[in-house]
Amino acid sequence: MKSTQNADVAIIGGSFSGLFAALSLVRSLRNTIVIDAERPCNKNTPASHNLITHDGVHPSMIRNKAISDLMQYPNFQLLLGEVTNIKPNGSGFLIHGDGFSEIQTNKLIFATGLKDILPEIPGFAEAWGKSVIHCPYCHGYEFVGSHTGLWMNEPGVYEHSKFLKHWTKELTVYTNGPVQFPIEEQTQLESEGISIVTDVVKALNHSEGQISSISFGFGKDHPIQALYTKLPIIQHSRLPEELGIKLLPSGHVEVTNFYETNLQGVYAVGDMASMFRSVAHAIHSGNLAGAMLNRAMILT
């Protein structure tokens with residue numbers, strides 16, 4: 001029978017937000033365990049950008065350096081495995097999973113992230129994070145002036161398009177079917193010289209994730225080098241909701257300004273609790289949540 005490990009704080013998810021929360025906590029003398037299933041949402045991305053001192057560095061290199069730094073602290077532990085169950089137990093929580101012994105923790109931080117629902121179109125998944133992208137601050141500079149598309153078919157498309165035109169004037173909206181946004185926005189797009197293509201997409205043509213064109217069948221292709229997306233999202237893990245954590249209509253976890261959820265002593269950091277999906281924001285949220293959690297543990 002496996003013995004129970006004890007922690008002041010357990011962090012579920014070992015990417016940027018989880019690791020930086022851990023750094024705040026171990027430096028505050030908290031015994032901290034990070035549990036990571038090694039499935040970061042940026043695994044396809046060749047480089048992280050807009051992060052001072054690490055601009056253009058592969059995400060795995062930043063993560064590995066963060067882990068190396070944390071391993072210098074005797075009160076830090078990294079466990080690789082999948083958390084399968086979390087239950088309230090006494091004044092804390094009991095964590096079970098595959099690949100590690102059960103953990104009794106006083107406090108919890110979720111850093112499990114979001115999952116983008118990619119359309120089942122050939123080439124889309126292969127180009128995701130490389131030339132099919134979500135954020136101009138993260139990737140836009142690399143595609144300045146390129147033939148660019150916006151994969152979006154919902155209200156708000158005009159605002160997104162006008163914003164992206166700051167990086168490129170050659171912009172086309174691809175709806176992959178009949179338009180589902182107001183006629184007013186269609187008129188606004190036309191006034192900005194932005195075309196709308198409603199044909200159903202058959203494939204994204206690419207070489208090692210770098211797209212060259214969109215195929216619609218019948219020999220009809222559109223040349224393109226970058227495709228921004230507005231995709232549906234879900235929580236990557238079911239565990240927060242199963243534990244009773246509230247979600248917003250957007251699908252994000254509802255948190256305070258200090259990233260505490262509706263459950264006392266349970267925090268959520270990174271993009272699972274925010275519309276911002278950058279490395280810099282992940283670091284910020286983890287750092288703030290770790291510091292505020294430690295403060296609450298001292299003062300209450």
Side-chain angles (χ1 to χ4, degrees), residues 2-43 48 51 53-54 57-86 89-113 236-237 239-240 258-261 265-273 279-300:
K2 294 182 178 179
S3 60
T4 300
Q5 301 185 74
N6 292 290
D8 294 326
V9 183
I11 300 172
I12 317 301
S15 192
F16 300 119
S17 59
L19 293 174
F20 277 83
L23 187 59
S24 292
L25 288 161
V26 296
R27 291 185 59 81
S28 300
L29 312 180
R30 302 298 178 185
N31 292 319
T32 305
I33 295 177
V34 171
I35 309 163
D36 187 39
E38 296 189 296
R39 290 197 302 271
C41 67
N42 58 13
K43 62 183 178 181
S48 291
L51 179 64
T53 75
H54 288 80
V57 177
H58 195 282
S60 66
M61 294 182 65
I62 304 172
R63 179 179 180 273
N64 291 341
K65 180 61 169 67
I67 291 172
S68 176
D69 290 346
L70 282 161
M71 293 299 291
Q72 307 305 311
Y73 293 88
N75 50 337
F76 171 77
Q77 187 178 4
L78 174 65
L79 301 177
L80 301 181
E82 183 83 31
V83 176
T84 57
N85 184 264
I86 303 174
N89 188 52
S91 60
F93 302 89
L94 192 61
I95 300 172
H96 291 98
D98 298 327
F100 56 89
S101 302
E102 68 177 12
I103 298 167
Q104 175 67 40
T105 183
N106 296 327
K107 307 293 182 182
L108 269 175
I109 296 179
F110 282 101
T112 45
H236 198 276
S237 172
L239 293 169
F258 296 149
Y259 298 97
E260 187 171 17
T261 71
V266 181
Y267 290 65
V269 295
D271 60 5
M272 69 182 294
V279 175
H281 180 266
I283 291 170
H284 160 76
S285 66
N287 178 264
L288 182 58
M292 292 300 101
L293 175 52
N294 176 68
R295 183 177 186 274
M297 294 171 75
I298 293 171
L299 298 180
T300 57

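FYI, the numbering just counts along the sequence from 1.
Here the NE2-OG distance, from His284 to Ser17, works out to 11.5 Å after rounding to the nearest 0.5 Å. To the nearest 0.5 Å, the span separating CE on Met297 from CG on Leu29 amounts to 11.0 Å. Considering OH of Tyr259 and CD1 of Ile109, their distance stands at 12.0 Å, rounded to 0.5 Å. A distance of 8.0 Å separates CG of Asn6 from CD1 of Ile33, quoted to the nearest 0.5 Å. Between the OH atom in Tyr267 and the OG1 atom in Thr261 there is a gap of 9.0 Å [rounded to 0.5 Å]. In this structure, the separation between CG on Leu80 and CG on Asp98 is 13.0 Å, given to the nearest 0.5 Å.
Counting only distance, with no hydrogens or angles, the side chain of Arg63 and the backbone of Gly14 share a donor-acceptor pair below 3.5 Å. Between the side chain of Asn75 and the main chain of Val26, a donor-acceptor pair closer than 3.5 Å is present. No side-chain donor-acceptor contact under 3.5 Å links Glu260 to the backbone of Met292. Remark: side-chain polar atoms of Ser285 are paired, donor with acceptor, to backbone N or O of Gly270 under 3.5 angstrom.
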Using the rule given for side-chain contact (heavy atoms from CB on, under 4.5 Å), can you reason through Val83 versus Thr112, listing the C-alpha separation, both sets of side-chain angles and the distance that settles it, and then say yes or no? CA-CA 10 Å; Val83 176; Thr112 45; over 6 Å; no
Let's go through Leu108 and Ile95 carefully: what are the C-alpha distance in whole Å and the side-chain angles of both, what is the deciding distance for side-chain contact (heavy atoms from CB on, under 4.5 Å) to 0.1 Å, and is it a yes or a no? CA-CA 10 Å; Leu108 269 175; Ile95 300 172; 3.8 Å; yes
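Closest heavy-atom contact between Asp36 and Gly13: OD1-C, 4.0 Å. For the pair Val269 and Gly18, the tightest heavy-atom approach, listed with the atom from each and the gap, is CG2-N, 4.5 Å. Minimum heavy-atom separation, Glu82 to Phe100: O-CE2, 3.9 Å. The shortest non-hydrogen separation linking Ala22 to Val34 is CB-CG2, 3.8 Å.
Taking the side chain as every heavy atom from C-beta outward, Leu23 and Phe76 never approach each other to under 4.5 Å. Looking at Pro40 and Phe16, their side chains never come closer than 4.5 Å, going by heavy atoms from C-beta outward. At a threshold of 4.5 Å between non-hydrogen side-chain atoms, the residues Ile62 and Ser48 count as touching. Put simply, the side chain of Arg30 does not reach to within 4.5 Å of the side chain of Lys107, judged on heavy atoms. Looking only at side-chain heavy atoms (C-beta outward), Leu70 and Leu78 stay at 4.5 Å or farther from each other. No side-chain heavy atom of Val57 sits under 4.5 Å from any side-chain heavy atom of Lys65. Looking at Phe93 and Val266, their side chains come closer than 4.5 Å, going by heavy atoms from C-beta outward. Side-chain contact between Pro240 and Met272 is present, with heavy atoms from C-beta onward closer than 4.5 Å.
Under the rule for a side chain to side chain donor-acceptor pair (under 3.5 Å), the partners of Ser24 that lie at least two apart in sequence or sit in another chain are Asn287. Take Glu38 and apply the side chain to side chain donor-acceptor pair (under 3.5 Å) test, not counting sequence neighbours, and it matches no residue.
Partner of Ile86 under the side chain to side chain contact (heavy atoms under 4.5 Å, CB included) criterion, chosen from Ile103, Leu239, Leu94, Thr105: Leu239. In summary, of the residues considered (Asp8, Asn31, Thr32), a side chain to side chain contact (heavy atoms under 4.5 Å, CB included) with Leu25 occurs for Thr32 alone.
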